[in-house]
Amino acid sequence: YQALACGKPSLVIPFHLEQCWNANRIEEIGAGFLLHHRNISKKRLISTTDKIIHDLEMQLRVNEISERIAFLDGAKKASQIISDFSFQEY
């Protein structure tokens, strides 16, 4: 999420199930690549990083996603919900 919010493509090397799901989704939306930690090599790491750096279409997609995230202002909304909830009387 942080990389997308900053407009940066991701190279994800997941180690846990949740990370695998997120990495697959990053690939599906064209915002980065997934490398499995069991199959990683220096050559694959370099070639994938090179793809990320030079893929202009990917950068455009990530910029669009970043703009959407900024527009939604999820952190502000979440803090407001938490604040509202904390002041409720039971």
Side-chain angles (χ1 to χ4, degrees):
Y1 171 82
Q2 290 87 355
L4 290 175
C6 293
K8 303 298 179 195
S10 297
L11 173 54
V12 185
I13 304 169
F15 286 86
H16 300 287
L17 186 59
E18 174 191 341
Q19 295 170 339
C20 289
W21 185 89
N22 290 333
N24 282 322
R25 189 68 184 123
I26 290 291
E27 274 198 338
E28 286 174 8
I29 65 173
F33 293 103
L34 158 69
L35 290 179
H36 294 282
H37 68 277
R38 292 186 181 146
N39 300 332
I40 198 166
S41 68
K42 182 178 176 180
K43 183 178 179 179
R44 287 188 70 205
L45 184 60
I46 290 170
S47 68
T48 306
T49 302
D50 189 59
K51 286 179 191 177
I52 288 174
I53 291 170
H54 294 100
D55 189 334
L56 297 178
E57 287 182 32
M58 180 180 291
Q59 186 59 56
L60 291 173
R61 278 190 298 280
V62 172
N63 287 342
E64 180 182 324
I65 293 167
S66 175
E67 289 172 8
R68 288 181 183 180
I69 290 170
F71 177 76
L72 294 174
D73 199 9
K76 183 177 180 181
K77 287 182 182 179
S79 68
Q80 186 61 51
I81 291 168
I82 292 167
S83 178
D84 292 347
F85 180 77
S86 65
F87 290 111
Q88 288 182 354
E89 292 186 32
Y90 297 97

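Numbers for residues simply follow the sequence, beginning at 1.
Rounding to the nearest 0.5 angstrom, the gap separating the CD1 atom in I65 from the SG atom in C6 is 13.0 Å. Residue F15 holds its CZ atom at 12.0 Å from NE2 of H36, rounded to the nearest 0.5 Å. Between N22 atom CG and H16 atom NE2 the span is 12.5 Å, to the nearest 0.5 Å. Atom CG of N63 is separated from atom NZ of K8 by 8.0 Å, given to the nearest 0.5 angstrom.
Counting heavy atoms from C-beta outward, I26 and L34 have side chains that stay 4.5 Å or more apart. Contact of the F33 side chain with the M58 side chain is registered, since non-hydrogen atoms from C-beta on lie closer than 4.5 Å. Here the side chains of L56 and L60 are not in contact, with every heavy-atom distance at 4.5 Å or above. P14 is not listed as a side-chain neighbour of H37, based on a closest heavy-atom distance of 4.5 Å or more. With a 4.5 Å cut-off on side-chain heavy atoms, I29 and R61 do not count as touching.
Criterion: ILVMFWY side-chain heavy atoms under 4.5 Å apart, direct or through other members. Under it, L4 and F71 are not part of a common hydrophobic cluster.
Under the side chain to side chain contact (heavy atoms under 4.5 Å, CB included) rule, T48 has a single partner from L35, I40, I13, I53, which is L35.
A side-chain donor from one of Q80 and D84 sits under 3.5 Å from a side-chain acceptor of the other.
No donor-acceptor distance shorter than 3.5 angstrom exists from the side chain of D50 to the backbone of I46, with no hydrogens or angles considered. The main-chain N or O of G7 is never found under 3.5 Å from a side-chain atom of E67 such that the two would form a donor-acceptor pair. Proximity of a side-chain donor or acceptor of S66 to a complementary backbone N or O of V62 within less than 3.5 Å is not detected.
Taking both residues in full, the closest heavy atoms of I52 and P9 are given as CG2-CB, 3.6 Å, listed atom of the first, atom of the second, then distance.
Classification of R25 and E28 as a salt-bridged pair holds, one side-chain N sitting under 4.0 Å from a carboxylate O.
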